[in-house]
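Each chain gets a letter, A, B and so on, in the order the sequences are listed, and its residues count up from 1.
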Protein chains: 2
Amino acid sequence: MDIRALEALRAVRTHRGVTAAAAVLHVTPSAVSQQLSTLQRDVGVQLTERVGRGLRLTAAGDALADAAVDVAVALEKARAACETFLEHPGGRVSVSAFQSGAELLLPELLTRVRALGTIDLELLDEDVAQDDFVPLTDRVDVVIAHRPDGESASAGWAQSEPGRGLVVVPLFREPLDVAVPLDHPLAGRDAVRPEDVVGEDWIAVREGFPVAGVLAGVSSGTDRAPRVSQRINDFHVVAALVAAGHGVALLPRHTFGRHPAIRLLPLRGIRAARRVDVLMRRDRAERIVVRRVVDELIAMTAALDRG
Amino acid sequence: MDIRALEALRAVRTHRGVTAAAAVLHVTPSAVSQQLSTLQRDVGVQLTERVGRGLRLTAAGDALADAAVDVAVALEKARAACETFLEHPGGRVSVSAFQSGAELLLPELLTRVRALGTIDLELLDEDVAQDDFVPLTDRVDVVIAHRPDGESASAGWAQSEPGRGLVVVPLFREPLDVAVPLDHPLAGRDAVRPEDVVGEDWIAVREGFPVAGVLAGVSSGTDRAPRVSQRINDFHVVAALVAAGHGVALLPRHTFGRHPAIRLLPLRGIRAARRVDVLMRRDRAERIVVRRVVDELIAMTAALDRG
DNA sequence: ATCACGCTGTAGTGTTGCTGCATGGACATC
DNA sequence: GATGTCCATGCAGCAACACTACAGCGTGAT
């Protein structure tokens, strides 16, 4: 029973296919396919089944993939057991964050981790759809992700059920405020209610991306649906559009609270917020250096609302 | 980090040397040595150190070996997870027992396991010194071993501390009675006391073998040491010698209670007994078929004194 | 009907891990 | 103090394994 084959099985599950799995494992699909077949021959049970032109794990394959997580965790614990005898646990840790989270967190994180000494961080900004955060954990040690407030962590992140190989560490809750230009009629207000702003032209994020659904909550207290005039993912572009008077938008408070050309108005009456979490593969989370990095993130965000 | 290398590390620890480890792994010492060096290069910590002309694990190596046990257990759990989807979990299970235990248990065990169906047993009788039962678990799935009564399991079996990779399942406690020939002056008694028999000529087992120390307990209540005239390990030879009037001996009650030519006299006043345990490597114990076999052993001996 | 996509075999190749043997250090014996 | 034995380790050679490249085939989309 080969470790690499178990790894391949996990990858096929999370990425729903041999080809995608092969990509993250940096091998050809043929190699993954062969690993699966040898694994299958070894255990004597059907592990995968064709569905359409794709592939899916059987119940046995699913169980084995779950067990494979424990194997990977045990292996990483073994490595960690040795690292405790090293005076300077070094190594490379990759961290990815969605765009605005990266802006808010990564500079200070890099400063703090540099101060720790021997860990060298590899920062990435990955702007992906909501469903693609979890697969990212196969390529990146620490994934900083966000999701709409209100969902439970296990509902927000697929495969976060215990044993499924995902560790979720909540960092903070960040309110989403209504951004208006400085010369907007509401700009002088301390806060707004949904009915105050539901009639505006809205600039939203693309469908499928995190917090896209939050805007729908604005209309929940009213009888109208918000009118979305633009769909822009980059919050800085959104802010520039708002500043220029092309509409209003929901923007994260901590990242854009000090923007000079727009005004952020808290929403009263509904919970408009996103939650920022750290996602990790359970085995990666065992690495001491990874733990250190996450500890820094927790310390950095301790002052923020943990909600 | 290779599984086989971790396995090699464990073997080097239990067998105290590269050569002995290589023997149980069915490879050359050179291969084991190379596995250790690649493992060492991988983790970056010294794992072994020369001591005399031999080799010993460092603290780091010891910790890694402990962690390696968990890896092996996780791997075996993975295999077991697949086997639950198999309707007939089959496979080979090897069982070894010390000589008299084998005589008492193995015939019925074989009958019972045959009745279960697809498991094929590989029986072995291994008469080894007390310290050599634990290393046996590397070659045999289920080791039936015995030890003097009164010792705790962790004292009796090296490496049985939690995490050390050994599972101990107590089976039963078997009294050791004084065997005398039928025409012996004491043969009519229901029981004897140490002072009754301490002056006899004793036939004992060789030093270092299980229950060798129990005879010393006979003299504890008296001021004399028992006179050992012969040292014979095979209980049937011992019984024949006793029957021929060449001395008395301590023999296990359940195995020799019905011997026609000797009489077994319970010892009053001291606890003269041995304990029979099942020893397994933790990873081997995870196999479903191994569990089945052990369950049969437990059921077979349920009627005996579990002490 | 054609194309595109995805998984799976097969042949070829590069790497890996093992064996066999020689070396050097450590303990025991004479 | 010299010799022999035992044990771990390095090196060369070899065999087995795992991956890549490519072709084939089934499925779904255009």
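Heavy-atom distances to DNA chain D give each of A:A31 and A:V51 a nearest nucleotide, and the one nearer the 5′ end belongs to A:A31.
Using a 4.0 Å cut-off, no side-chain N or O of A:T28 falls inside it from OP1 or OP2 of D:dC19.
In this structure, CD1 of B:I3 is placed 13 Å from P of C:dG17, rounded to the nearest angstrom. One atom, CE of B:M1, and another, P of C:dG17, lie 14 Å apart when rounded to the nearest Å. As rounded to whole Å, 13 Å separates atom P of C:dT8 from atom CG of A:L39. Rounded to an integer number of Å, the gap from CD of A:Q40 to P of C:dC7 is 14 Å. Computed from coordinates, the A:R41 CZ to D:dA18 P distance equals 9 Å when rounded to whole Å. Between the C1' atom of C:dT16 and the CG atom of B:D42 lies a distance of 15 Å, rounded to the nearest Å. Straight-line distance from the CD atom of A:Q35 to the C1' atom of D:dC17: 12 Å, rounded to whole Å. Atom CG of B:D2 is separated from atom C1' of D:dA18 by 14 Å (rounded to the nearest Å).
For A:D2 and A:T38, the side-chain atoms include no donor-acceptor pair closer than 3.5 Å. Side chain to side chain, A:S100 and A:R274 meet the donor-acceptor criterion of an N or O pair below 3.5 Å.
Atom CZ of residue B:R10 and atom NE2 of residue B:H15 lie 10.5 Å apart, to the nearest 0.5 angstrom.
For B:Q230, the side chain to side chain contact (heavy atoms under 4.5 Å, CB included) partners at least two apart in sequence or on another chain are B:I203, B:I232. A:F133 meets the ring-ring contact (aromatic ring centres under 6.0 Å, His included) test with A:H146, A:W157; sequence neighbours excluded.
When atom types are taken as modelled, the side chain of B:S94 and the backbone of B:D141 share a donor-acceptor pair closer than 3.5 angstrom.
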> Where along nucleotides 2-11 of chain D does protein come under 4.0 Å, by heavy atom, of base (B) or sugar-phosphate alone (S), with - for untouched nucleotides?
Replying inline: ---BBSSBBB
